*Asks:* 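Shown below is the structure under consideration.
It should be emphasised that the depicted structure is a prediction, and the values quoted were computed from it without experimental measurement.
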Number of protein chains: 2
Amino acid sequence: MKFENQPSYSLGQRGPNKDTLAGESGNVRLVSQSTLGEINRGRVLQALYDNGPKSRAELARLAGVNRTTITGIVQPMIEEGLLVEGDAVPSDFKGGKPARPIYFNPEAPMLGAVLLLPGRIQTCLVTLSGDIKALTKAQFDPHGDRGAFLAIIKDTLSATLSQAHQAPFGIGIASGGMIDSDNGVILAVNLAPVLTGLHLVDILQAHFSLPVVIDHHPRALLVGDRWFGPGRGQQNFAAIYTGEVLGGAFYIDGRVYRGLAGSGGELGHTVVQIDGELCNCGKHGCWETVAALPWLRREAARLGFANPESVTCARLVKEAAEGAEAANGLLDRYTRNVAFGILNLQQTLSLNSYVLHGDIAGGGADAAERVRQHVERLVKKRPNQEISITLNGIGEGHTALRGAAGLVLSSHLKLVI
Amino acid sequence: MKFENQPSYSLGQRGPNKDTLAGESGNVRLVSQSTLGEINRGRVLQALYDNGPKSRAELARLAGVNRTTITGIVQPMIEEGLLVEGDAVPSDFKGGKPARPIYFNPEAPMLGAVLLLPGRIQTCLVTLSGDIKALTKAQFDPHGDRGAFLAIIKDTLSATLSQAHQAPFGIGIASGGMIDSDNGVILAVNLAPVLTGLHLVDILQAHFSLPVVIDHHPRALLVGDRWFGPGRGQQNFAAIYTGEVLGGAFYIDGRVYRGLAGSGGELGHTVVQIDGELCNCGKHGCWETVAALPWLRREAARLGFANPESVTCARLVKEAAEGAEAANGLLDRYTRNVAFGILNLQQTLSLNSYVLHGDIAGGGADAAERVRQHVERLVKKRPNQEISITLNGIGEGHTALRGAAGLVLSSHLKLVI
DNA sequence: ATAAGTTTGTGCGAAGTACAAACAAACTGT
DNA sequence: ACAGTTTGTTTGTACTTCGCACAAACTTAT
């Protein structure tokens, strides 16, 4: 028989000479058996991350598979030193062979991490359980010479990596600015032009002979929440950062959402006030224009606050607690404005869980509770769906470094086909 | 050794007594070999959908696997009548055995579809290539008796199904209102209270002994775009519907985005104008308040248009083409308002492709081009990322019914683990 | 008319990975 | 000492993809 009148067309989103990607029209990838094995190994590791040390039998129950299957997956990783078997744990039952829990080997390789901010570099090692080691800091001229910058970052990383007893799994980089995470390129950093256009991943991979991954700062915070923070075990949640700018990122179904070449998640530049204040991106009325520190300080000045340039969420919370009505009012407006963007994310994606970072997190539990109450007032609740607003990153402030390390974990574990 | 100080906690989003889902903390599913086979069979079917008839060798090239693998997948489906082998096609090469293309069997079972609107039901059969057959229509009292409604929908569907030569794969239902698509329940339809709380999937599955799936109307439009319309072959795109209300849905990485229990994608109730117009959802400044027909008509009345109650996008396009400056101005404002919500979706998810339905689609290519130009003005373009705005559903108007049928396809093909 | 070259489809056995069943090990309670 | 229970291991089976060789079906050159 002849097949006729069969359409085969697309919406025209691909540019000229662009290679088709897996899953795009014209190219559907099947799953091979070795890929199947990789997926399952990654999921077993994920289960250990999410649930803590577990025996083979417990892992088999969690994963819905045969005990033999778990042994087959786990044994090679014990033999290669990634995992280790713990002491026998007496059973909770009447009788029964004691279980032998399995977990990550403290002697396992660590993760390299780089935090890249305009003018400043921090590097460290992070253990599989999230401990920070060999922290090294340096500064660079954001408008300076490309070669000088590369020398500084290589030296700083070398100082850190020299304190590892064995080669780490890889190096993760959290950077400000517009990042193409697929190609490992810093597309643009307005505050540090020396970085713009830098193919940093290729350069560092060649220099250190280690896998290198890069992503932008809010997404690194998110990944840090996922592996080492309040997002542990979560499949769907967002991290929201407020400061000089406003940014965010989110996990959907266990995966960091990136969009094409990492371009998704420009949450600060979604519009919440048509024809509102001019944003530094050129549009009017972006979420960032009403929910970042510049807005807060401008409003503080307009309302006659003392030292308006030093107004932060923490300061407002403190002054409100001391009875200052003006501070209470401004704090309420700020947290309400933050809530509008969270509302829009909630309406769009139903993530139900949000972790606050940066200035808004500096306001502590009081600020978080205000944001949550505003969000709850705005969202039409669905049955059995509580919205959770939590904090991370207050205190020692290494969330972004852990996040950078988490980028390595996410890419190494191959958790999703 | 003993494992100590290992955290195992979550953000607290689960309610009391809620079963943990696959992938959530405490439960990670591994992939079995029979699941692997199902995934690969689904992907081969998807490749045929997206690319039209292909030979085994061509499919092997597309899928990146061995020719033997494709034969092993395809042969059982030929034997069971889902696929059929076509006439040999002479090779484009010098020599070479002629290829035997494979495609869907016209004698294969069809798909049942139901469109459920306040007061009206439409049912039909849809072939695997999207042809509509056995269309039946009925009306019901939206405030009437639950039993009377069920009798009407069963009769209407029976009339349609009696014209099928064999049992269809299943029945898909596109419905207005708030739908819990995981449990197959219509949670609320403000304009048709008789439907509220109806466990329609269980009822119809029991009655017809066929698989039944349900989703809300904009998501059914999206799925229709994906299988039978301009979204064919696309992994990431959104469908936007404007009319009395504004709704939308989107595909991410080849999957319909649903969120928990289908609650994601309430795009019409994202806020674009803080403290703006009161919305019928109770909030102020939702996208729906500035980009649906009620806004258009109210503005037309305010501006002194003749017969403002009959203003639609199509009418404005026509009058603007005839030189009416007021119509041109209102059309520009309407398409700009539609663009703001698309902008926010683009900033959040970087989908790059949007299909317009309903009233805004009624404005044809001119309206779509205006929307596209507004979006392009607002979005900071990334390298190699064109934004596409297309139309669907104008003409015969069966997009939603094809979409309902597509819900069956999506669930039947098991395209994703 | 025959041979060389090329592509497609099939047959056969190998490889990778999960599953089922049986058994040994290690415990508790009677 | 024995029964019962759970955990971990051993052995063989099942499912699915892969690699290689070969047959079939064509075109082109001689």
Side-chain angles (χ1 to χ4, degrees), chain A residues 22 28-45 47 53-79 83-103 414 417, chain B residues 22 28-45 47 53-79 83-103 414 417:
Chain A
V28 174
R29 291 256 149 232
L30 302 192
V31 184
S32 72
Q33 288 193 310
S34 50
T35 302
L36 174 65
E38 286 180 17
I39 291 164
N40 283 345
R41 281 189 288 277
R43 291 187 180 192
V44 167
L45 294 178
K54 293 293 177 190
S55 68
R56 295 168 182 81
E58 283 168 317
L59 285 170
R61 280 194 288 277
L62 285 174
V65 294
N66 200 271
R67 292 197 301 274
T68 317
T69 303
I70 295 297
T71 299
I73 291 172
V74 149
Q75 208 58 36
M77 293 192 267
I78 292 175
E79 285 161 8
L83 299 177
V84 75
E85 200 167 74
D87 294 345
V89 173
S91 176
D92 290 337
F93 300 86
K94 184 193 77 169
K97 185 179 179 181
R100 304 295 300 274
I102 290 163
Y103 203 55
K414 295 189 181 72
I417 34 172
Chain B
V28 175
R29 291 261 149 227
L30 303 191
V31 185
S32 72
Q33 293 186 306
S34 50
T35 302
L36 173 65
E38 286 180 16
I39 291 165
N40 283 345
R41 282 189 286 279
R43 290 187 182 191
V44 167
L45 293 177
K54 293 293 177 190
S55 68
R56 294 168 181 82
E58 282 168 316
L59 285 170
R61 279 193 289 276
L62 286 173
V65 294
N66 202 269
R67 292 195 301 274
T68 315
T69 302
I70 295 296
T71 299
I73 291 173
V74 149
Q75 208 59 36
M77 293 192 270
I78 292 175
E79 284 162 8
L83 299 177
V84 73
E85 199 166 72
D87 295 343
V89 174
S91 175
D92 290 335
F93 301 84
K94 181 194 78 167
K97 187 177 179 182
R100 303 296 299 272
I102 289 163
Y103 203 55
K414 296 191 180 74
I417 35 172

*Asks:* If you look only at distance, which donor and acceptor atoms sit under 3.5 Å apart when one is on a side chain in residues 65-77 of chain A and the other is two or more places apart or in another chain?
*Replies:*
{"from": "A/Asn66", "atom 1": "OD1", "to": "A/Thr68", "atom 2": "N", "distance (Å)": "3.0"}
{"from": "A/Asn66", "atom 1": "OD1", "to": "A/Thr68", "atom 2": "OG1", "distance (Å)": "2.7"}
{"from": "A/Thr71", "atom 1": "OG1", "to": "A/Arg67", "atom 2": "O", "distance (Å)": "3.2"}
{"from": "A/Gln75", "atom 1": "OE1", "to": "A/Arg56", "atom 2": "NH2", "distance (Å)": "3.3"}

*Asks:* Touch check for B/Ile73, heavy atoms < 4.0 angstrom, all strands: base, sugar-phosphate only, or nothing?
*Replies:*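 Answer is sugar-phosphate: B/Ile73 comes under 4.0 Å of backbone atoms only.
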*Asks:* Report yes if a side-chain nitrogen or oxygen of A/Asn40 is closer than 4.0 Å to either non-bridging phosphate oxygen (OP1 or OP2) of C/dA18; otherwise report no.
*Replies:*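 Yes, A/Asn40 has a side-chain N/O under 4.0 Å of OP1/OP2 on C/dA18.
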*Asks:* If you measure from CZ on A/Arg43 to CG on B/Leu30, what distance do you get to the nearest 0.5 Å?
*Replies:*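 Rounded to the nearest 0.5 Å, the CZ-CG separation comes to 7.5 Å.
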*Asks:* Each nucleotide in nucleotides 1-9 of chain C should get exactly one letter: B, S or -. Can you fill that in based on protein heavy atoms under 4.0 Å?
*Replies:* ----BBBBB
*Asks:* Looking at A/Thr69, does any N or O in its side chain come under 4.0 Å of the phosphate oxygens OP1/OP2 on C/dC19?
*Replies:*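 Yes.
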*Asks:* Under 3.5 Å, which protein N or O atoms sit close to an N or O of nucleotides 11-15 of chain C? Give each pair with its distance.
*Replies:*
{"from": "C/dG11", "atom 1": "O6", "to": "B/Thr68", "atom 2": "OG1", "distance (Å)": "3.3"}

*Asks:* Specify the separation, in whole Å, of atom CD1 of B/Ile102 and atom C1' of C/dT10.
*Replies:*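 Those two atoms, CD1 and C1', are 13 Å apart.
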*Asks:* In whole Å, what is the span from the CD atom of A/Gln75 to the C1' atom of D/dT7?
*Replies:*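 Computing the A/Gln75:CD to D/dT7:C1' distance gives 14 Å.
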*Asks:* I'd like to check B/Val44 versus B/Asn40 (side-chain heavy atoms, cut-off strictly below 4.5 Å). Are they in contact?
*Replies:*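 SC-SC contact between B/Val44 and B/Asn40 ruled out.
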*Asks:* Starting at atom CD of B/Glu38, determine the distance to atom C1' of D/dA14, rounded to an integer number of angstrom.
*Replies:*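 B/Glu38 atom CD is separated from D/dA14 atom C1' by 15 Å.
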*Asks:* Output the rounded distance in Å from CD1 (B/Ile78) to C1' (C/dT10).
*Replies:*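 Answer to the nearest Å: 13 Å.
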*Asks:* Just how far, in rounded Å, is P of D/dT16 from CG of A/Leu30?
*Replies:*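 For the pair A/Leu30 CG and D/dT16 P, the rounded distance is 13 Å.
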*Asks:* How close or far is atom C1' of C/dA18 from atom CZ of A/Arg43, stated in whole angstroms?
*Replies:*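 Between C1' of C/dA18 and CZ of A/Arg43: 15 Å.
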*Asks:* Check the distance between D/dT7's P and A/Leu59's CG and give it to me in whole angstrom.
*Replies:*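 Going from CG in A/Leu59 over to P in D/dT7 covers 12 Å.
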*Asks:* If only atom types and distance count, is the side chain of A/Arg100 paired as donor or acceptor with the main-chain N or O of A/Asp87 below 3.5 Å?
*Replies:*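 Here the side-chain-to-backbone pair does not exist.
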*Asks:* B/Ala99 and B/Pro101: which non-hydrogen atoms are nearest, and at how many Å?
*Replies:*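 Shortest heavy-atom contact: O-CD, 3.4 Å.
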*Asks:* Whole angstroms only, please: what is the CG-P distance between A/Asp87 and D/dT7?
*Replies:*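 My rounded result for the distance is 17 Å.
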